[in-house]
*Asks:* 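My questions all concern the structure below.
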There are 2 protein chains.
Amino acid sequence: MLKDRSPTRIQKKNRAAILEAALEVFSAHGFRGATVDQIASQAGLSKPNLLYYFPSKEAMFTALLSELLDTWLDPMREIDANGDPLEEILAYVQRKLQMSRDYPRESRLFANEIVQGAPRMLEALSTDLRDLLAEKEAVLTAWMAAGKINTTHPKHLMFSIWALTQHYADFDVQVRMLMEPEDPFDAAPEFLETLYRRMLTPTS
Amino acid sequence: MLKDRSPTRIQKKNRAAILEAALEVFSAHGFRGATVDQIASQAGLSKPNLLYYFPSKEAMFTALLSELLDTWLDPMREIDANGDPLEEILAYVQRKLQMSRDYPRESRLFANEIVQGAPRMLEALSTDLRDLLAEKEAVLTAWMAAGKINTTHPKHLMFSIWALTQHYADFDVQVRMLMEPEDPFDAAPEFLETLYRRMLTPTS
DNA sequence: GCGGGATTTGACCAACTGGTCAAACTCACG
DNA sequence: CGTGAGTTTGACCAGTTGGTCAAATCCCGC
């Protein structure tokens, strides 16, 4: 039986290996489509051994989600209310795009879950994400009121950034198929910078 | 045994009921997550009866995809090379947004499939969608060359329209959760019109 | 090097799932 | 009507899946 003392060396290594394997499999097949056997073989462990470290498949999934959500929201946290408004937003867009390039599995994990109604994630989203969005929405609104950036609906502005950047990770196969042999990430940064610069530069 | 003569009244009704139920269930749970029993009970038929009309779960899914893909691409087909460039694009964005509002299940069906690598759809996409995109890309390029709209990467422009409009259907739960009690579709049309107007209006 | 907790696993189980099939039922039409 | 094709289904099957468990093995501090 696994006690909840401070984790041993082996526990740390195996839990990490399991979560890494779970990310690989869950992001590719969704919760229902993934099997514990797949995760086990991906992690190089036996199925009963996985269930020694996590009480259930569900527990692996939620552990993975809560471990990743924080990292996933970091680019938004870094938006600095005291920086130059337009440059702050453009930098946020680029950070988010970078996340799609570097961590597409994480993006697809969340996408899979939300498309299906986020049954296991809605609670986390409705606290962490909601609070963070409210905070940054206030920053955007202040910038708009001060005439630093063009006025628009701040929430839809944020949604648009998420949609555009995550699209390159979530719909990767489609985008790559339509762009081959080019790499979508070659032109995407410039495209998005141009788009948001034109969108937000104040028309004095 | 089901012959491939012209369909009887009953065949038409039941095939339609099955595909409607399949759309409901597949779009909510993905291919792997959906069960034939679920589809059967949603359609008000018995499981063996479904398998009388379709040889397998896979066949229901692919029948559904090929039936819907055409409709899904219609808004893009309607882009008129002889219309006013900016207005044509803005109208396309609105048609696509309307699709997300009126047919969110279709959007999520495709999203589910593409996020997971589009294993059963890549072939259709790589012919129908690829050809259509190539055609409309040429139109966009001509408009840009003629100075009718601002110059950007035409493929990324199309991707951005898909990403932004489908986001409201695919991530519906998240968007609604963050906007409640407002309806996202109230402000979305205006937001997207403003965005693409600013993005594409030629800077003479 | 040994004792006991930590870790690992083969064997197993019950539930579920896609699919089959023969028998029953229904319906259109002569 | 009656009859044969079209339609429906209860019972069933084999493979898969999440999860259990007792026994075996490993590993660390003494």
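Throughout, a chain's letter reflects where its sequence line sits, starting with A, and its residues are numbered from 1. These values consider heavy atoms only, across backbone and side chains, with no hydrogens, waters or symmetry-generated copies.
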*Asks:* Side-chain N or O of B:Q11 less than 4.0 angstrom from OP1 or OP2 on D:dG6?
*Replies:*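 No, no such contact exists.
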
*Asks:* May I ask you to test the A:P189-A:L97 pair for a side-chain heavy-atom distance under 4.5 Å?
*Replies:*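 When only atoms from C-beta onward are counted, A:L97 and A:P189 do touch, with a gap below 4.5 Å.
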
*Asks:* Do you see a donor-acceptor pair shorter than 3.5 Å between the side chains of B:S160 and B:Y196?
*Replies:*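 The answer is yes; a qualifying pair exists.
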
*Asks:* If I take atom CZ in residue A:F54 and atom P in nucleotide C:dT7, what distance separates them, rounded to the nearest angstrom?
*Replies:*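 Atom-to-atom, A:F54 to C:dT7, this comes out as 13 Å.
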
*Asks:* Considering just the side-chain nitrogens and oxygens of A:N49, establish if one lies under 4.0 Å of OP1 or OP2 belonging to C:dT7.
*Replies:*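 Answer is no, no contact under 4.0 Å.
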
*Asks:* Looking at A:R101, A:Q166, A:K96, A:M99, which one forms a side-chain contact (heavy atoms from CB on, under 4.5 Å) with A:S107?
*Replies:*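 Only one of A:R101, A:Q166, A:K96, A:M99 forms a side-chain contact (heavy atoms from CB on, under 4.5 Å) with A:S107, namely A:Q166.
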
*Asks:* Considering every strand and a 4.0 Å limit on heavy-atom distances, what is the contact class for B:Y53: base, sugar-phosphate, or nothing?
*Replies:*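 Since only primed, P, OP1 and OP2 atoms lie under 4.0 Å of B:Y53, the category is sugar-phosphate.
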
*Asks:* Using OP1 and OP2 only, check whether a side-chain N or O of A:Y52 sits under 4.0 Å from C:dT7.
*Replies:*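 Yes, within the criterion.
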
*Asks:* For B:R32 and D:dT17, is the shortest distance between a side-chain N/O and OP1 or OP2 below 4.0 Å?
*Replies:*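 It does, given that an N or O in the side chain of B:R32 lies less than 4.0 Å from OP1 or OP2 of D:dT17.
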
*Asks:* Looking at every strand, decide which applies to B:A34 at a 4.0 Å heavy-atom threshold: base, sugar-phosphate, or nothing.
*Replies:*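 Sugar-phosphate, backbone atoms only, no base.
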
*Asks:* Tell me the interatomic distance from B:D37, atom CG, to C:dA15, atom C1', rounded to whole angstroms.
*Replies:*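 Rounded to the whole Å, the gap is 13 Å.
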
*Asks:* Using 30° and 60° as the class boundaries, would you call the ring planes of A:F26 and A:F31 parallel, tilted or perpendicular?
*Replies:*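 The arrangement is parallel - the two ring planes meet at less than 30°.
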
*Asks:* Between A:I10 and A:F31, which residue's closest nucleotide on DNA chain D lies nearer the 5′ terminus?
*Replies:*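 Looking at DNA chain D, the more 5' nearest nucleotide goes with A:F31.
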
